[in-house]
Student: 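Just dropping this structure here.
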Amino acid sequence: MAFNTNLLHWFPLKADGADSVGAASPSVSNVTFTGSHATFTAATNSYIHWGNIFNVGTSNLTMAGWVYVNSYAGSGHQGAVLSKATSSLNSQTGCGLQFYNSNSLGFAGSGGTKTEASSSLPTTGAWHHIATTRDGTSIKLYHDGVLVDTQTSASVYNITSAASNTFLTCGAIRIPGASYWYGGLDGNLNDLLAYD
């Protein structure tokens, strides 16, 4: 399969948060662009969001990107590679590739029900490629090209734009229906991809 087959969004994150494939406009807060990647400060006000996009319905999907984590601090949410909802979903609709407690998570859900594949967190101090896919009812999580977990959902969740403020974000995570953020990433992101 070609790199751009079914590619909806590509965020290189070299000089800004622009979408190199789709038409999404970024909102950037406390992110530094180095010419090779984006650096986040671990604060909840360090994020990029592109609005309520990536509404793929019941199509298969892939979310992927490169991440370099400096440290994981405390417990709870520790940032997102790509996220379209909170990890609990709060009766919202979405999908994501996030870090929570001692796990990396790839998930999809709607109506307050979700299915998540999980694994240990990527090691700090090195670049890692992580990805999550949904193929029908199968949710998979990959680290550095290796399948690390597969889970089966009860149904194919419908990821629509109906949920209020389920912004596609990276770095910190937007709480749907609210105006605040949480779980900032302490590290760098590069070449984020979203496919249907």
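Bear in mind the structure is a predicted one, so any value in this text is a computation, not a measurement. Numbers for residues simply follow the sequence, beginning at 1.
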Student: Please check: side-chain N/O of His77 versus main-chain N/O of Gly79, any donor-acceptor pairing under 3.5 Å?
Tutor: no
Student: Supply the members, apart from Ile139, of the Ile/Leu/Val/Met/Phe/Trp/Tyr cluster built from side-chain contacts under 4.5 Å; use none for a lone residue.
Tutor: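 Besides Ile139, the cluster holds no residue at all.
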Student: In terms of ring plane angle, is the pair Phe11 and Trp50 parallel, tilted or perpendicular, where the classes change at 30° and 60°?
Tutor: parallel
Student: Does the side chain of Thr39 pick up a donor-acceptor pair with the side chain of Asn188 at under 3.5 Å?
Tutor: yes
Student: Below 3.5 Å, can you tabulate the donor-acceptor pairs from side chains in residues 123-131 to any protein atom, sequence neighbours excluded?
Tutor:
from: Thr123; atom 1: OG1; to: His128; atom 2: NE2; distance (Å): 2.8
from: His128; atom 1: ND1; to: Asp144; atom 2: OD2; distance (Å): 2.9
from: His128; atom 1: NE2; to: Thr123; atom 2: O; distance (Å): 3.2

Student: Tyr157: which other cluster members, linking ILVMFWY side chains closer than 4.5 Å, directly or transitively?
Tutor: none
Student: Membership question, hydrophobic clusters at under 4.5 Å side-chain separation (ILVMFWY): are Val28 and Leu185 in the same one?
Tutor: yes
Student: Checking side-chain hydrogen bond (donor to acceptor under 3.5 Å, both in side chains) between Asn60 and each of Thr133, Asp135, Asp196, which is the one that passes?
Tutor: Asp135
Student: Does any donor atom in the side chain of Ser71 or Asp186 lie under 3.5 Å from an acceptor atom in the other side chain?
Tutor: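 Looking only at side-chain atoms, Asp186 and Ser71 do form a donor-acceptor pair, the distance falling under 3.5 Å.
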Student: With sequence neighbours excluded, give me every side-chain hydrogen bond (donor to acceptor under 3.5 Å, both in side chains) pair touching residues 12-21.
Tutor: His9-Asp19, Lys14-Asn190, Lys14-Asp191
Student: Say whether Ser83 and Gln98, considering side chains only, have a donor N or O and an acceptor N or O under 3.5 Å apart.
Tutor: yes
Student: Mind checking what makes side-chain hydrogen bond (donor to acceptor under 3.5 Å, both in side chains) contact with Ser104, not counting sequence neighbours?
Tutor: His143
Student: Would you say the side-chain atoms of Asn101 pair up with the backbone N or O of Gly76, donor to acceptor, closer than 3.5 Å?
Tutor: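 Yes; at least one donor-acceptor contact below 3.5 Å.
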Student: Got a sec, which residues hit side-chain hydrogen bond (donor to acceptor under 3.5 Å, both in side chains) with Ser120, two or more places apart in sequence or on another chain?
Tutor: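 So Ser120 forms no side-chain hydrogen bond (donor to acceptor under 3.5 Å, both in side chains) with any residue.
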